[in-house]
Amino acid sequence: MNRKLFFVFLIGAAQLFAQRKVIIVDAQSQKPLAGVNITWGEKGEGMVSEEDGSFDKDVLKGIKKPIHFSYVGYKDRSILLKGVTSKVEMQPTSKALSEVVISKDALLSANQIMDSIQAHVKDNYNFNLTNRHFFLRQKDDGGVEQLDVHIKKSTIAVFDDAFAEKMIAEMPKENDFLTEVMGNHYGDLKKQKLLIEEGYKAYDTESTGYLENYYKKLEAIINEHVKSDSYFKIRTGILSFKTDANEAFLKDGEVVDVRNDMGNAKKQANFFLNDRKEMLGRVFEDIFLRKDTNIDFLKDLEKYQFEYIDDAVIDENDVFVLNFQPKSKKKYQGKLYVNQEDFSILKADFNSTKALFTFKLFGLSFKEKGNRGTIAFEKNSNGKYEIKYIKKVSNMEFGIDRPFVIVEKNKNVRGRRTQNKVKFDMLLKGSFQSHYDYVVLDSKPINEAIFQQVDESKSKQPKDWKRHNDNFWSNATEWPLVQKTIIEFNE
């Protein structure tokens with residue numbers, strides 16, 4: 001064959017191949033899409049597009065029914081063979097596209113990744129009733145930044161302005177509080193029951209016990225001037241509560257959590273359990289899978305800006321790393337680590353961009369300045385993603401600027417029971433930080449019948465310690481896993 005005929009043959013072959021080759025592209029960016037599913041017929045025969053987005057049209061010869069094109073993050077298309085030209089355009093489901101990133105299978109934008117996450121949420125995560133064997137830690141650090149008390153009237157001579165100034169001067173301005181528990185946490189992402197197996201609480205975890213000594217002084221004064229069969233009515237405006245005078249600040253040499261002394265007997269017995277449940281509720285309200293969460297980037301995708309920033313590896317899984325920022329009045333920003341295989345969020349870091357809650361009325365004020373944290377997941381035995389670890393750090397401010405009246409009344413005296421009365425004005429400002437760690441050590445599915453049978457009254461009461469006990473969990477077989485998990489997500 002001479003050279004001219006050879007080149008004519010090559011050109012003709014190239015043109016013939018070009019006529020057979022079809023490219024599948026993004027309708028907006030015109031970038032080729034690799035791995036698009038192409039199916040036809042009742043038996044679901046099919047193929048996928050190559051790395052350059054192409055496929056051979058000859059494979060479709062003789063097919064009379066529509067050919068279906070489907071791809072994660074894009075609207076499905078159905079086209080008759082005669083409508084398949086040299087290019088097939090796929091329309092992304094998201095209205096706004098950001099930077100296009102390359103996965104091992106396809107070209108995806110950050111918004112398309114988020115669309116895929118949203119589409120797979122119900123399949124990827126566990127929303128059912130579960131028994132989670134857990135460890136829970138709460139550590140509060142804070143103190144009083146300003147405290148002024150002016151005694152206006154007192155029938156107890158020792159309670160005057162000089163006494164108030166002396167006690168304020170000696171009062172610990174900083175303090176901390178720690179609780180740690182292990183047990184079983186029954187429920188789903190919202191309703192819950194707890195059985196506490198073991199736990200303790202500690203005051204002055206890092207100090208030398210000066211809070212204990214401070215309370216001893218107060219108790220000595222009360223014992224000297226107040227009758228044992230008395231009770232106190234404390235009023236500030238329309239608010240009031242009652243407490244017995246014979247309830248000591250100290251019990252068996254340790255500081256008593258005064259919150260245990262409020263309410264009726266049943267509430268007192270269940271106080272620690274209910275307090276832990278309330279605290280768990282605060283931790284779980286930040287799980288982005290819940291419909292009522294404030295971190296609602298999955299619910300309102302259009303109100304957040306998503307940006308691809310990197311690839312990474314978590315537990316041998318290739319992940320996309322995405323930043324998210326609020327566009328409107330939303331209060332959270334953060335970083336997401338997304339499994340490239342199934343579009344599950346393996347880890348989410350978040351922090352608030354503005355104050356979350358502010359209350360100020362009648363001289364009382366409270367402000368939740370913000371919080372930050374981490375939520376991590378891992379697959380359970382059922383192939384669903386389950387909570388592995390939650391960290392949350394909350395910052396609060398509080399204040400009181402009000403008049404108070406403390407009235408001592410006798411339980412056994414008829415008629416006018418008032419024994420003593422102290423009226424004073426108080427100005428107080430302070431702040432504290434709460435740090436929570438929730439570790440799931442094991443989990444298994446349960447049904448509604450098992451959930452209803454859980455008897456929370458069998459929960460153990462905590463052991464009190466004056467200061468943190470480093471050896472408290474030394475005999476717990478789960479303790480090394482607790483430490484490993486917390487360290488892993490706090491490095």
Side-chain angles (χ1 to χ4, degrees), residues 1 3-121 123-124 301-302 306-308 311 317-320 322 338-344:
M1 181 182 297
R3 292 182 180 180
K4 288 184 178 180
L5 289 175
F6 179 71
F7 283 115
V8 169
F9 171 77
L10 286 180
I11 293 170
Q15 289 175 339
L16 180 63
F17 178 76
Q19 290 174 358
R20 292 165 43 198
K21 187 176 182 180
V22 180
I23 304 293
I24 306 176
V25 299
D26 180 299
Q28 297 189 23
S29 67
Q30 294 297 303
K31 298 285 187 179
L33 301 176
V36 176
N37 290 311
I38 308 164
T39 58
W40 60 88
E42 295 179 356
K43 295 183 179 179
E45 298 98 331
M47 58 184 172
V48 295
S49 59
E50 302 293 337
E51 289 186 6
D52 62 355
S54 69
F55 69 91
D56 188 349
K57 186 177 178 180
D58 274 359
V59 178
L60 305 177
K61 275 187 177 181
I63 298 173
K64 297 181 180 180
K65 292 189 176 181
I67 295 95
H68 303 288
F69 299 84
S70 62
Y71 192 56
V72 173
Y74 288 79
K75 297 177 181 178
D76 291 351
R77 288 199 67 182
S78 295
I79 311 173
L80 291 172
L81 180 59
K82 64 181 181 180
V84 178
T85 59
S86 61
K87 182 171 66 173
V88 174
E89 294 187 343
M90 300 287 287
Q91 196 70 241
T93 55
S94 177
K95 295 179 182 178
L97 297 179
S98 60
E99 178 185 358
V100 173
V101 299
I102 302 176
S103 74
K104 57 189 177 184
D105 294 323
L107 294 170
L108 295 174
S109 72
N111 286 77
Q112 291 162 6
I113 293 172
M114 294 307 303
D115 284 335
S116 298
I117 293 170
Q118 190 181 60
H120 291 80
V121 163
D123 295 327
N124 282 337
L301 291 180
E302 70 280 0
F306 299 96
E307 178 189 12
Y308 164 81
D311 285 343
N317 296 300
D318 293 327
V319 299
F320 299 122
L322 275 63
V338 183
N339 191 329
Q340 295 184 15
E341 291 286 346
D342 57 18
F343 294 97
S344 60

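Contact of the Gln112 side chain with the Asp26 side chain is registered, since non-hydrogen atoms from C-beta on lie closer than 4.5 Å. With contacts defined as side-chain heavy-atom distances shorter than 4.5 Å, the pair Ile38/Val88 does not qualify. Within the 4.5 Å cutoff, no side-chain heavy atoms of His68 are placed close to those of Asp76. Two residues are said to be in side-chain contact when any heavy atoms from C-beta on lie closer than 4.5 Å; Val48 and Asn37 meet this criterion. Ser86 has its side chain out of reach of Val22: every pair of non-hydrogen atoms, C-beta onward, lies at least 4.5 Å apart. Counting heavy atoms from C-beta outward, Ile24 and Met90 have side chains that approach closer than 4.5 Å.
In this structure, the side chain to side chain donor-acceptor pair (under 3.5 Å) partners of Asp52, at least two apart in sequence or on a different chain, are Lys21, Ser54. With sequence neighbours left out, Ser344 forms a side chain to side chain donor-acceptor pair (under 3.5 Å) with Asp342, Tyr385. Contacts of His120 classified as side chain to side chain donor-acceptor pair (under 3.5 Å), with partners at least two apart in sequence or in another chain: none. Qualifying side chain to side chain donor-acceptor pair (under 3.5 Å) partners for Lys75, counting only residues two or more places apart in sequence or in other chains: none. Checked against side-chain contact (heavy atoms from CB on, under 4.5 Å), Leu60 has the following partners two or more places apart in sequence or in another chain: Trp40, Met47, Phe55, Ile63, Ile67, Leu81. A search for side-chain contact (heavy atoms from CB on, under 4.5 Å) contacts involving Ala27 returns Glu89, Gln91, not counting sequence neighbours.
When all heavy atoms are compared, the tightest approach of Leu80 to Lys64 is CD2-O, 3.5 Å. Pro66 and Ser78 get closest at one heavy-atom pair: CB-CB, 4.2 Å. Considering all non-hydrogen atoms of both residues, Phe320 and Ile113 come closest at CD1-CD1, 3.6 Å.
Here the CG-CD distance, from Leu301 to Gln118, works out to 4.5 Å after rounding to the nearest 0.5 Å. From Asp115, atom CG reaches atom CZ of Phe306 across 9.0 Å, with rounding to the nearest 0.5 Å. Note that OG of Ser116 and CG of Asn339 are 12.0 Å apart. Values are rounded to the nearest 0.5 Å. Rounded to the nearest 0.5 angstrom, Asp56 CG and Lys61 NZ are separated by 9.0 Å.
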